[in-house]
Amino acid sequence: MERYSMVLLDIDYLTVDEMPVIRLFGKDKSGNEPIIAYDSSFRPYIYAIPIDTERCLDDLAELGLEKLEVTERRDLGKPVEVIRIEFRHPQEVPKLRDRIRNLESVADIREHDIPFYRRYLIDRSIVPMAGIEFNGVEAESASSITSDDVRIIEITDGIQTSDSGFPQLDILSFDIEVRNPHGMPDPENDEIVMVGIAGNMGVESVISTRGEHLDFVERVGDEAAILERFAEIVREKKPDILVGYNSDNFDFPYLSRRAEILGVELDLGWDGSRIKTMRRGFANATAIKGTVHVDLYPVMRRYMNLDRYTLERVYQELFGEEKLDLPGDKLWEYWDREELRDELFRYSLDDVVATYRIAEKILPLNMELTRIVGQPLFDISRMATGQQAEWFLVRKAYQYGELVPNKPSHSEFSKRRGRRAVGGYVKEPERGLHENIVQFDFRSLYPSIIISKNISPDTLTDEKDCDCHVAPEYGYRFRKEPAGFVPSVIGEILSERVRIKGEMKRSDDPMERKILNVQQEALKRLANTMYGVYGYSRFRWYSMECAEAITAWGRDYIKRTIKIAEEFGFHTVYADTDGFYATYTGRRS
DNA sequence: ATCACGCGGGG
DNA sequence: GTGTACGCGTGAT
């Protein structure tokens with residue numbers, strides 16, 4: 001047995017002999033070698049909140065459930081007795097949970113919809129995009145499905161985070177060009193003419209059947225060979241991250257269909273598996289086992305606020321420079337006409353390099369969010385900020401011994417949907433040019449209110465004679481003691497941020513300061529998200545009372561501040577939520 | 001006012 | 001994959 005350490009990139013599970021086996025995909029920190037580590041020690045479980053514990057244990061045993069443990073957790077702060085029900089396989093959970101929920105001895109079931117790999121990350125206290133270490137044994141021979149450059153390790157025990165340094169990530173970006181003479185590209189008819197790749201692994205080229213006189217073009221025989229060469233490069237390089245722009249919904253589905261038609265295998269997974277495109281609601285997501293595929297389009301949509309999110313627009317906003325842009329419906333002519341073709345090659349290269357540059361700029365923040373939230377980068381990069389906040393809280397709930405609330409039912413969801421908390425106070429700006437403007441604003445107004453007024457679903461109470469904070473306008477009451485779940489978590493986030501900012505001030509290494517700055521930025525974003533999620537209808541800790549109380553206190557604070565400023569001779573010309581602008585008149589009111 | 005519908009990105 | 005899912009603007013009624 002040996003101690004292994006690696007950077008954790010991705011996670012999933014397999015079924016071996018009907019039992020689940022967690023797979024951890026990572027890279028050895030020193031040699032940068034790909035590793036797949038198997039852990040067969042983890043089992044799925046859910047909680048039942050019993051009405052009658054003894055009867056419930058009998059009823060569960062009757063369903064064939066043997067591993068039952070009576071234990072204590074808190075439910076929105078209140079201690080409750082629960083039965084932890086262990087299953088043999090994750091897929092038993094959806095099969096049995098309705099029957100368990102419908103038992104007369106059961107009041108409710110909890111944590112029955114936490115994906116198995118997420119449960120593992122939370123319960124084992126490990127996070128992706130960070131170091132982990134474990135005891136294990138090297139598998140005798142890498143199985144036939146796995147290429148020989150991947151080490152296979154069976155984890156025996158002792159998995160934990162390891163805090164040694166984080167190596168430079170291998171990032172590869174890609175982008176395809178299609179010859180589509182009849183409107184939108186149709187993979188049934190329109191061939192792929194170029195695949196551009198760029199990254200920090202010594203790659204920057206366009207793979208194509210033409211362009212032989214251009215030094216950045218790698219020329220191959222036909223379309224199938226373009227796809228094969230692309231697959232070969234990805235398989236050989238095994239980048240940590242593969243990025244595209246709208247690649248979930250365009251490049252990868254298109255590549256897959258063309259590969260199918262041409263009989264090419266897109267087996268890019270470290271285990272030799274094919275890329276897999278999944279339907280995720282209204283959109284797709286393409287996954288590669290091992291390498292993390294990040295589609296920058298959904299990431300950029302969340303990161304900036306623009307009218308459009310085309311690659312050109314996003315690039316211009318981030319770097320202040322225009323990139324080469326050709327009309328999409330004319331690209332096929334650039335391919336067909338020899339005198340224009342070089343321009344198409346340059347456009348292809350420009351696109352893929354732009355994609356890489358955006359990745360370089362935006363991934364550090366997403367890596368930090370991944371480490372803080374503790375779920376895979378693949379998921380984090382496709383999650384709305386509310387979802388990120390929720391999974392962060394799910395992890396915290398485990399640490400605090402709190403039960404995770406269930407997701408709202410369909411009817412609950414539609415009931416919530418129409419409701420919206422009144423927003424911040426806005427005083428419409430006075431027309432005209434104002435001189436000598438003074439600006440006042442609150443630092444992290446909403447997070448501060450949540451903490452100082454202890455606003456949390458578990459501190460909200462109907463008791464009249466409690467030691468409570470009472471919300472203005474609404475009169476909602478929040479117990480002062482003990483600290484609520486969400487305020488505690490935000491408190492942790494903010495104090496961690498203060499610690500990092502202190503470290504940043506002390507550091508004189510510009511590289512280190514930059515990293516610390518991204519970390520504190522990620523924490524700030526998460527703290528600011530926490531307020532909004534109370535009013536987000538799919539949120540597990542949804543509370544319209546909390547959402548309304550926060551903005552009510554916010555309005556109260558800013559109005560009172562404005563009033564005091566006016567007593568000192570200021571005149572407010574514009575106010576919005578957490579700040580206002582004023583002129584100094586000297587007239588005390 | 002309320003509701004169904006369609007779009008985003010990609011070529 | 002312990003699947004299964006957005007949010008907004010538009011035009012019609």
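Protein chains get the first letters and strands the later ones, always in sequence-line order, with residue 1 at the start of each. Being a predicted model, the structure only gives us computed values, none of them experimental.
- A:Gly183 comes within 4.0 angstrom of a base, heavy atoms only.
- Nucleic acid contact class of A:Arg538 (heavy atoms, under 4.0 Å, all strands): sugar-phosphate only.
- Residue A:Tyr13 is classed as a sugar-phosphate contact, given heavy-atom separations below 4.0 Å to backbone atoms only.
- Classification of A:Glu69 and A:Lys67 as a salt-bridged pair fails, no side-chain N sitting under 4.0 Å from a carboxylate O.
- Counting non-hydrogen atoms under 4.0 angstrom, A:Tyr334 reaches nothing in the nucleic acid.
- At a threshold of 4.0 angstrom between heavy atoms, the contacts of A:Ile114 include nucleobase atoms, whether or not backbone atoms are also involved.
- Counting 5' to 3', DNA chain C first comes under 4.0 angstrom of a heavy atom of chain A and last does so at the ends given by C:dG1 to C:dG7.
- Remark: aromatic rings of A:His89 and A:Tyr13 are close, center separation under 6.0 Å.
- Residue pairs meeting the side-chain hydrogen bond (donor to acceptor under 3.5 Å, both in side chains) criterion with at least one member in residues 172-181 of chain A, sequence neighbours excluded, are A:Arg179-A:Asp336.
- Among the atoms of the strands shown, only primed sugar atoms or phosphate atoms (P, OP1, OP2) are found under 4.0 Å from some heavy atom of A:Tyr309.
- Here the separation of B:dG9 from C:dC8, taken at their C1' atoms, is 16 Å to the nearest Å.
- A:Asn249 comes within 4.0 angstrom of nothing in the nucleic acid, heavy atoms only.
- Shown here are the ring pair (Phe, Tyr, Trp, His ring centres under 6.0 Å) partners of A:His293, two or more places apart in sequence or in another chain: A:Phe252.
- Residues A:Ile358 and A:Val314 form a side-chain contact, since some pair of their non-hydrogen atoms from C-beta on lies under 4.5 Å apart.
- Checking A:Tyr347 against A:Tyr297, the closest nucleotide of DNA chain B that is more toward the 5' end is the one next to A:Tyr297.
- In this structure, the salt bridge (Lys or Arg N to Asp or Glu O under 4.0 Å) partners of A:Glu260, at least two apart in sequence or on a different chain, are A:Arg257.
- Bracketed by its first and final contacts, the part of DNA chain B lying under 4.0 Å from non-hydrogen atoms of chain A reaches from B:dG8 to B:dG11 in 5' to 3' order.
- Distance noted for atom P between C:dG3 and B:dG10: 33 Å (whole Å).
- Here A:Lys330 lies out of heavy-atom contact (under 4.0 Å) with every strand.
- Residue contacts for A:Glu111: at a heavy-atom cut-off of 4.0 Å it reaches a base atom on one of the strands shown.
- Within the nucleic acid shown, A:Asp175 comes within 4.0 Å of sugar-phosphate atoms alone, with no base atom in reach, counting heavy atoms only.
- Applying the salt bridge (Lys or Arg N to Asp or Glu O under 4.0 Å) criterion to A:Glu92, with sequence neighbours excluded, gives no partner residue.
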All N/O donor-acceptor pairs, side-chain side in residues 56-65 of chain A, below 3.5 Å, sequence neighbours left out:
| unit_1 | atom_1 | unit_2 | atom_2 | d |
| --- | --- | --- | --- | --- |
| A:Asp59 | OD2 | A:Ser105 | OG | 2.7 |

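- Within 4.0 Å (heavy atoms only), A:Leu326 reaches no atom of the nucleic acid at all.
- For the atom pair CG of A:Leu24 and CG of A:Leu121, the computed distance is 7.5 Å after rounding to the nearest 0.5 Å.
- Residues from residues 94-106 of chain A placing a heavy atom under 4.0 Å of any atom in DNA chain C, listed by number, are A:Pro94, A:Arg97.
- For the C1' atoms, the distance from C:dG1 to C:dA5 is 14 Å, rounded to whole Å.
- Atoms CD and OH, on A:Glu312 and A:Tyr315 in that order, are 11.0 Å from each other to the nearest 0.5 Å.
- Contact check of residues 376-403 of chain A against DNA chain B (heavy atom, cut-off under 4.0 Å) returns no residues at all.
- Contact annotation for A:Asp307: no contact, since no heavy-atom pair falls under 4.0 Å across all strands.
- Listed by chain and residue number, A:Tyr446 satisfy the ring pair (Phe, Tyr, Trp, His ring centres under 6.0 Å) test with A:Tyr531 (two or more places apart in sequence, or in another chain).
- Here A:Arg110 pairs with A:Asp75 in a salt bridge; the nearest charged N to carboxylate O distance falls below 4.0 Å.
- Salt bridge present: A:Asp113 and A:Arg540 bring a charged side-chain N and a carboxylate O closer than 4.0 Å.
- Counting non-hydrogen atoms under 4.0 angstrom, A:Tyr117 reaches the backbone sugars and phosphates but no base.
- For A:Arg118, the salt bridge (Lys or Arg N to Asp or Glu O under 4.0 Å) partners are A:Asp379, not counting sequence neighbours.
- Residue pairs satisfying the salt bridge (Lys or Arg N to Asp or Glu O under 4.0 Å) criterion with at least one member in residues 342-354 of chain A, sequence neighbours excluded, are listed as follows: A:Lys323-A:Asp350, A:Lys323-A:Asp351.
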